[in-house]
Amino acid sequence: MSPLASAFEPAQIEDKWYKFWEEKGYFHAEEKSDKPPYCIVIPPPNVTGALHMGHALTLTIQDLLIRYKRMCGYNTLWLPGTDHAGIATQMVVERQLAKEGTNRHEIGREKFVERVWEWKKKYGNRIKEQQKRLGASVDWERERFTMDEGLSRAVREVFVKLYEEGLIFRDTRLINWCTSCQSALSDLEVDREEPEKGELWSFAYQLVDGSGEIVVATTRPETIFGDTAVCVHPDDERYKAMIGKLVQHPFLKRQIPIIADPELADMELGTGAVKVTPAHDPNDFACGKRNNLEFINILNPDGTLNEECGDFAGLTTVKARQRVKDELEARGLARGSKEHIYAPGRCQRHPKTVVEPMISTQWFVNTESLAREALKAVEEGKTEIIPAEWVKTYYHWLENIQPWCISRQLWWGHRIPAWYCDDCHKETVAVEAPTACKHCGSHNLHQDEDVLDTWFSSALWPFSTLGWPENTQLLKTFYPTSVLETGYDILFFWVARMMMMGIHFMGDVPFKQVLLHAMVRDERGKKMSKATGNVIDPLDVIDGSDLDNLYHKLEGYNLPPAELKRAKAAQEQLFPEGIPACGADAMRFTLAAYTAQTKDIHLSIKRIEGYRKFGNKIWQLTRFLLNTLGENYTPVTSAPEPKTLPAKWILSRLSNMLKVVAAGMDEVKISEVTMAIYQFIWNELCDWYVETIKPVIQAGEAADPEAFKNAQDTLYYVVETALRTLHPIMPFITEELWQNIPRRADMPESIMISPYPVAAEHLIDSAAEEQFGALMQIVTAIRAVRSDYTISPKVRLSAKVRLSKANLAAALNEQVSSIMRLSNADVTFVDELHHESGNLAIVVNCGEISVSLAGLINVEAEKAKVDKELTKLEKDIARFNGKLSNPSFKDRAPAEVVAAEETKLAEALEMKKGLEASLKRLNELA
RNA sequence: GGGCGGAUAGCUCAGCGGGAGAGCAUCGGCUUUACACGCCGGGAGCCAAGGGUUCAAACCCCUUUCUGCCCACCA
């Protein structure tokens, strides 16, 4: 009686084994091996993502690689960390506060940070739960590097060093300002959404001397308050005379000059004259610098117009825009408008908020020299980016890199280690809080209020989490790390910056390989989003979720009623019966199978269900194995000597599969690994090998002890090996099954720490594969006849087989009982086929089969079938002949290709002969 | 405007120089003692269009048409 339940129920085994691995300490085995180090850097989980599917993908691939490497004997380590700073984190708490009717300014900085920690703890547990359910083994203990401890120290060290090297500086420049975050943003945090229809609106500036007007066009009339010049091209005949003259600002007392600047003004565009707003436009800013213009900031931090705007102060930009237009119109200065398509920058965290270019004093990193090194490292192959398609993108970004604005006007993050002197107003930058100003010695210092961009601290991850700036053992062992695995969306945000910082501070690249995986979308390719209702939570896939549950979850997202309604409808259509419980193993297998190197993953629930069934298949296979082995089986220590054709065949196929798996793992083509294992276990092991040994097993040990033992050993060996091969992808079920099969005393106590299987060259047997292939052809052909003529499986057919190759005969004669069993037909091998009138002849590659049908033959259907085959065959033959009769083919093609073509032609001709004879007989019957 | 992909069976995709593949879906037949979360069998594709390179092209090159995504400061 098998100790295994009659079917695979993932929920009943997952928790048990995760606890077991955790208790045994397998997840933190980095000190336990003297093999080479293998270290994976894990990205911070996406704090805002309600779907987490991308995170699940990252966790799965990383855990899979780690498990594989660990089984291969490597010393492994994950380098996890959490989001230590950032707008997203701050936003969550700010929303909470808003619900409570307060805000961060009311409760103060200290309390606010406390609240964030509270929330992060709760959130961290959610992440922990998710990775646990996926079987992923992240050592989150490293979270101890908090804001106050190790990481913070590393961040300050890096800041000070870069400052001293002149690579970090404070400057007043044009930055991106999000009026919702009320903070500066880096260029990367500004998204350009769909271009929208706007208006290019023209108006006239009157010359002060009354000699006329100059017409300019703008998409943003409200910026008129920041205008400090009108610019024309120096060669523009229309305006040459006006250069140097002043125009009157229509709303302010200000008079502004008409200047000439060939870089800004384009004679071909619009009127050829352009208003210059140096404090609110990148081009105008540059023009202002060149021409020493005044920089006038016209916006408050919340995006309303400030006191520079006269009566307009306090208005939002949108309202101000309309009023500016109205008033200019009223004064007769409007000069018409035309449609204009443009894409305003929007805040990554606040997609509804248009990012305002604004002049502001911020901290910057001069990334130019850092970027050059990061670029060179990839060029020189020190770091390999996989897939290589991304290399160009990586280069392009680094080549065009701009100074990186790193200060954020937030409260949650690593505080900038700069202190300002209240007396001399100069800055002192230091790792520890200074007691006196280094310029004037004053003790009246106050620290910079701002924090650093979350990606600044993240850029240090590969060494800061290993204990830098101390030269720790961990750092010495694991830097540079082996692999970084992450989604391609943070190639610039994180990967490139880790490269820059790693090379600069450690003198070596932070990782040898960068694996960039695809983004997870829904099965129709739509981006998963709460509002579209196509969000799939990995936990819902693992545990299953009915429609009520899914609805409930949607409601939790706080969508506006209309969106909620739409989302519900979409959800109902996508998951009409809810989501079935598939378990972590199926989830992992699916994600692994989807990693073929495309840019998008269209996740299909159906496919996950399919892999859930694969789990059950292995479960059943193991139950069969246990029944076969009986109570007192002693496991083999190595591959049993194959005595029969099926044994030779399955061991050969196993070795082939292991070769494909090893290659796939080494080249990180995980989808090829999943396919190879799936097909081997299901289509070869279960469908054929198991079926061939059933008679031996059923006959019992007494009937033929040697054959019985050999079948047991082979099946045990193959299944045990397959389980270990599959373990990194489906950890739970393989552990459960492995624990339930007999094991030798010298085997480890867990499959997780057992050695990974290696292909045995000596077991690869192409003759056996050909012979067994012929067996499969014969059996399939006879089964097809049964199916075509809807003959009950209980009716025993009778067939004669003539093999085209003499060398197959001996091997297949031995297997005749197998063939008879598998096809439920009496099969005899003959040298010559005597076609009897009631028989149906089938031509296959390895020979010809005559099945006795007692006159049931559907002559027309068979003729059509043979005709179709003949047509195809003739086409093939024509192609082979064409090739072989072409002298340059024989000259230029490799010898083995020519030989292969010759064999194919011979086989095709042989088959053609058979088919023609068949057709002739059919015609006689008709 | 620049860059990178994708277009292969009804759907989701794999293959990326030597006879078109998988899963799901579909159709037909099976209560065969591991498994109906199953078994057996079948149908289904001018591999987007056109040109080129090659002995040989779904695969390499060029052009076109759709279609994603990323980057970009243009009034």
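Since we're looking at a predicted model, the values are computed, not measured. Values reported hereafter were calculated over all heavy atoms of this structure, with side chains retained and with hydrogens, waters and symmetry mates removed. So that the names make sense, note that chain A is the first sequence line, chain B the second, and so on, each numbered from 1.
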>> Can you tell me if A:Lys875 touches the phosphate of B:rG19, counting only side-chain N or O atoms and a distance under 4.0 Å to OP1 or OP2?
In response: no
> NA contact type, A:Asp266, heavy-atom cut-off 4.0 Å: base, sugar-phosphate, or nothing?
Replying inline: base
>> If you compare all heavy atoms of A:Cys686 against all heavy atoms of A:Lys617, which two are closest, and at what distance to 0.1 Å?
In response: CB-CE, 3.6 Å
> Listed by chain and number, what are the side-chain contact (heavy atoms from CB on, under 4.5 Å) partners of A:Pro894, not counting sequence neighbours?
Replying inline: A:Glu896, A:Val897
>> From C-beta outward on A:Ala7, which listed nucleotide comes closest to its side chain: B:rA34, B:rG41, B:rC37?
In response: B:rC37
> So, is A:Trp682 close to the B:rC39 phosphate, meaning a side-chain N or O under 4.0 Å from OP1 or OP2?
Replying inline: yes
>> Side chain of A:Gln620 only, heavy atoms from C-beta on: which candidate in B:rG41, B:rC74, B:rC35 is closest?
In response: B:rC35
>> Using 30° and 60° as the class boundaries, would you call the ring planes of A:Phe614 and A:Trp682 parallel, tilted or perpendicular?
In response: parallel
>> Using the side-chain heavy atoms of A:Arg612, tell me which of these nucleotides is nearest: B:rG19, B:rA22, B:rC37.
In response: B:rC37
>> Over all strands shown, is A:Cys686 touching base, sugar-phosphate only, or nothing at heavy-atom distances under 4.0 angstrom?
In response: base
>> Any side-chain N or O of A:Lys868 below 4.0 angstrom from OP1/OP2 of B:rA44?
In response: yes
> Quick one: does NZ or CZ of A:Lys275 land under 6.0 Å from the six-membered ring centre of A:Phe203, within 45 degrees of the ring axis?
Replying inline: no
Protein-nucleotides 45-48 of chain B N/O pairs closer than 3.5 Å?
none

> Can you find a donor-acceptor N/O pair under 3.5 angstrom joining the side chain of A:Arg607 to the base of B:rC24?
Replying inline: no
> Can you name the side-chain contact (heavy atoms from CB on, under 4.5 Å) partners of A:Arg783, sequence neighbours left out?
Replying inline: A:Trp688, A:Val779, A:Leu822
> When Watson-Crick pairs (N1 to N3 and N6-O4 or O6-N4) and G-U wobble pairs (N1-O2 and O6-N3) count only below 3.5 Å on both distances, what is the dot-bracket string of RNA chain B, with | for other-strand pairs?
Replying inline: (((((((..((((....[..)))).(((((.......))))).....(((((..]....))))))))))))....
> Looking at residues at least two apart in the chain, or sitting in another chain, which of them share a salt bridge (charged side-chain N to carboxylate O under 4.0 Å, His left out) with A:Glu736?
Replying inline: A:Lys16
> So, A:Thr780 and A:Gln777: side-chain donor and acceptor under 3.5 Å apart, yes or no?
Replying inline: no
Please write out the pairs of protein N or O atoms and N or O atoms of nucleotides 15-18 of chain B separated by less than 3.5 Å, giving the distance to one decimal.
from	atom 1	to	atom 2	distance (Å)
B:rG18	O2'	A:Glu901	OE2	3.0
B:rG18	O2'	A:Lys904	NZ	3.4

> In chain order, what residues pass the side-chain contact (heavy atoms from CB on, under 4.5 Å) check against A:Phe492, with sequence neighbours excluded?
Replying inline: A:Leu188, A:Thr393, A:Trp397
> Which distance, rounded to the nearest 0.5 Å, do you find between the CG of A:Leu57 and the CE of A:Met587?
Replying inline: 8.5 Å
>> Does the structure place the NZ or CZ of A:Arg321 under 6.0 Å from the centre of the six-membered ring of A:Trp201, at an angle of no more than 45° from the ring's axis?
In response: no
> Under 3.5 Å, is there a donor-acceptor pair between the side chain of A:Asp281 and the main chain of A:Asn283?
Replying inline: yes
> Is A:Thr780 touching bases, backbone alone, or none of the nucleic acid, heavy atoms closer than 4.0 Å?
Replying inline: sugar-phosphate
> Which ring pair (Phe, Tyr, Trp, His ring centres under 6.0 Å) pairs, counting each pair once, include a residue from residues 261-289 of chain A, with sequence neighbours left out?
Replying inline: A:Phe285-A:Phe295
> Does any donor-acceptor pair link the side chain of A:Lys617 with the base of B:rC35 at a separation under 3.5 Å?
Replying inline: yes
> Rounded to the nearest 0.5 Å, what separation is found between the CG atom of A:Asn616 and the CG atom of A:Leu621?
Replying inline: 11.0 Å
> Could you state the CZ-C1' distance from A:Arg879 to B:rA57, rounded to the nearest angstrom?
Replying inline: 12 Å
> Does a side-chain N or O from A:His602 land closer than 4.0 Å to OP1 or OP2 of B:rC13, or not?
Replying inline: yes
> Looking at A:Ile778 and A:Ile849, what are the two nearest heavy atoms and their distance?
Replying inline: CA-CD1, 3.8 Å
> Parallel under 30°, tilted from 30 to 60°, perpendicular over 60°: which one fits the rings of A:Trp390 and A:Tyr488?
Replying inline: parallel
> To the nearest Å, how far apart are A:Leu626 CG and B:rC35 C1'?
Replying inline: 14 Å
> Picking from B:rC71, B:rG19, B:rC69, which would you name as closest to the side chain of A:Glu907?
Replying inline: B:rG19
>> For a quick check of understanding: with a heavy-atom distance under 4.0 Å over all strands, which category does A:Glu691 fall into, base, sugar-phosphate or nothing?
In response: base
>> Test of understanding: with side-chain contact (heavy atoms from CB on, under 4.5 Å), list the residues that count as partners of A:Glu609, not counting sequence neighbours.
In response: A:Pro580, A:Cys582, A:Ile605, A:Lys606
List every contact pair, protein side and nucleotides 25-32 of chain B side both N or O, where the distance is under 3.5 Å.
from	atom 1	to	atom 2	distance (Å)
B:rG28	N2	A:Ser787	OG	3.2

> Does A:Ser6 place a side-chain N or O at less than 4.0 Å from the phosphate oxygens OP1/OP2 of B:rA34?
Replying inline: no
>> Applying salt bridge (charged side-chain N to carboxylate O under 4.0 Å, His left out), can you list everything that pairs with A:Arg173, at least two apart in sequence or on another chain?
In response: A:Asp171
>> So if I take residues 273-282 of chain A and measure heavy-atom distances to RNA chain B, which residues fall below 4.0 Å?
In response: A:Val274, A:Pro282
